[in-house]
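One structure is given here, and the rest of the page talks about it.
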Amino acid sequence: MKNLILLLVSFVFSLSIYAKNESQPISVEVTGKGKPIVLIPGFAVSGDIWNPLVKELEKNYECHIVTLAGFGGKEAIEFPWLPKVNESLKKYILKNDLQNATIIGHSLGGTIATWLAAQNDLKLSKIILIDALPASGALMIPDFNPENLIYESPYNNQQLALDAVAFEQTATAMSKGMSLKESAQEKIKNWILESDRKTYVYGYTDYLKLDLREDLKNISIPVTIIAASQPYGEEMVKQTYKNQYVNLKDYNFIIAEDSAHFIMLDKPEWFLKQMQTILSTK
């Protein structure tokens with residue numbers, strides 16, 4: 001009887017630990033051995049997007065694959081969402097002593113990588129930013145002022161109120177602008193649909209509020225930016241990145257021709273070669 005009670009207590013304790021872990025700002029899977037690489041996906045995207053890249057990298061690197069709370073089937077957290085995600089990633093790197101880690105981030109993941117690189121107490125090796133900007137809100141919103149962006153807005157309320165059919169239509173339309181491949185568009189749509197709706201809506205407000213343009217002055221490690229040429233064309237893309245990264249001392253800039261936002265899905269072979277080249281460069 002005593003052993004049965006101990007077993008039940010242990011089981012309940014294990015469940016409580018599991019529940020606690022499930023509601024954390026980040027979830028991380030680790031595979032491979034070698035120098036650490038932290039891979040952060042974009043908004044609403046599961047860490048599974050990195051699987052083809054990790055399959056190659058894990059042969060020589062220790063890969064830490066991140067999924068953000070509310071996405072990829074992970075439990076949502078209380079708001080503000082993005083500041084908690086940022087701090088949680090910072091603590092994860094410090095706690096696990098990921099000295100000289102490389103951070104690879106796509107879209108929002110790249111913006112988070114930029115935030116991490118600007119932190120004085122993190123000793124990172126380099127960051128690789130894939131179609132990511134330090135201040136997306138400043139690009140999208142005229143007279144941009146982060147203080148004007150609030151959760152309880154008419155647009156957010158409308159998004160929260162959409163029924164399943166209307167939200168799927170929205171997700172479908174969004175996905176078509178993010179990749180040139182129909183198969184990839186379907187993946188992106190499904191990632192959006194499996195997201196926690198409140199995180200998808202309010203989390204995007206957090207994303208647009210974040211402005212790291214001044215923080216770029218604090219970054220001294222190597223930075224590589226890979227930008228998609230579509231749908232705006234190379235010249236406009238180059239000008240946009242030049243304007244947004246004007247405070248960054250130095251960086252390597254690469255254009256992914258004939259690709260939309262999800263470069264790793266539109267040009268997988270080319271993308272893998274770029275990653276291998278960048279990581280091997282000292």
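- Side-chain N or O atoms of Asp266 include one that pairs as donor or acceptor with a backbone N or O of Ala260 at under 3.5 Å.
- Note on ring orientation: taking the six-membered ring where Trp is involved, the planes of Tyr241 and Phe253 are tilted (angle from 30° to 60°).
- Judged purely by distance below 3.5 Å, without hydrogens or angles, the side chains of Ser107 and His261 pair a donor atom with an acceptor atom.
- For the pairing with Tyr202, the side-chain hydrogen bond (donor to acceptor under 3.5 Å, both in side chains) check across Arg197, Glu152, Gln159 returns one residue only, Glu152.
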Fill in: Tyr200 and Trp81: CA distance, side-chain angles, deciding distance, ring pair (Phe, Tyr, Trp, His ring centres under 6.0 Å) verdict
CA-CA 10 Å; Tyr200 183 79; Trp81 171 78; over 10 Å; no

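- The shortest distance between side-chain heavy atoms of Pro134 and Tyr245 falls below 4.5 Å.
- A salt bridge does not link Asp196 with Lys198: none of the charged nitrogens is closer than 4.0 Å to a carboxylate oxygen.
- A salt bridge links Lys59 with Glu56: at least one charged nitrogen is closer than 4.0 Å to a carboxylate oxygen.
- In this structure, Glu87 does not pair ionically with Lys84, as no charged nitrogen and carboxylate oxygen lie closer than 4.0 Å.
- Geometric assessment of Lys267 against the ring of Trp270 yields a positive cation-pi assignment under the 6.0 Å and 45° thresholds.
- In summary, Lys176 and Glu182 do not engage in a salt bridge, as defined by a charged side-chain N under 4.0 Å from a carboxylate O.
- At a threshold of 4.5 Å between side-chain heavy atoms, the hydrophobic network of Ile, Leu, Val, Met, Phe, Trp and Tyr places Tyr155 and Val201 in two separate groups.
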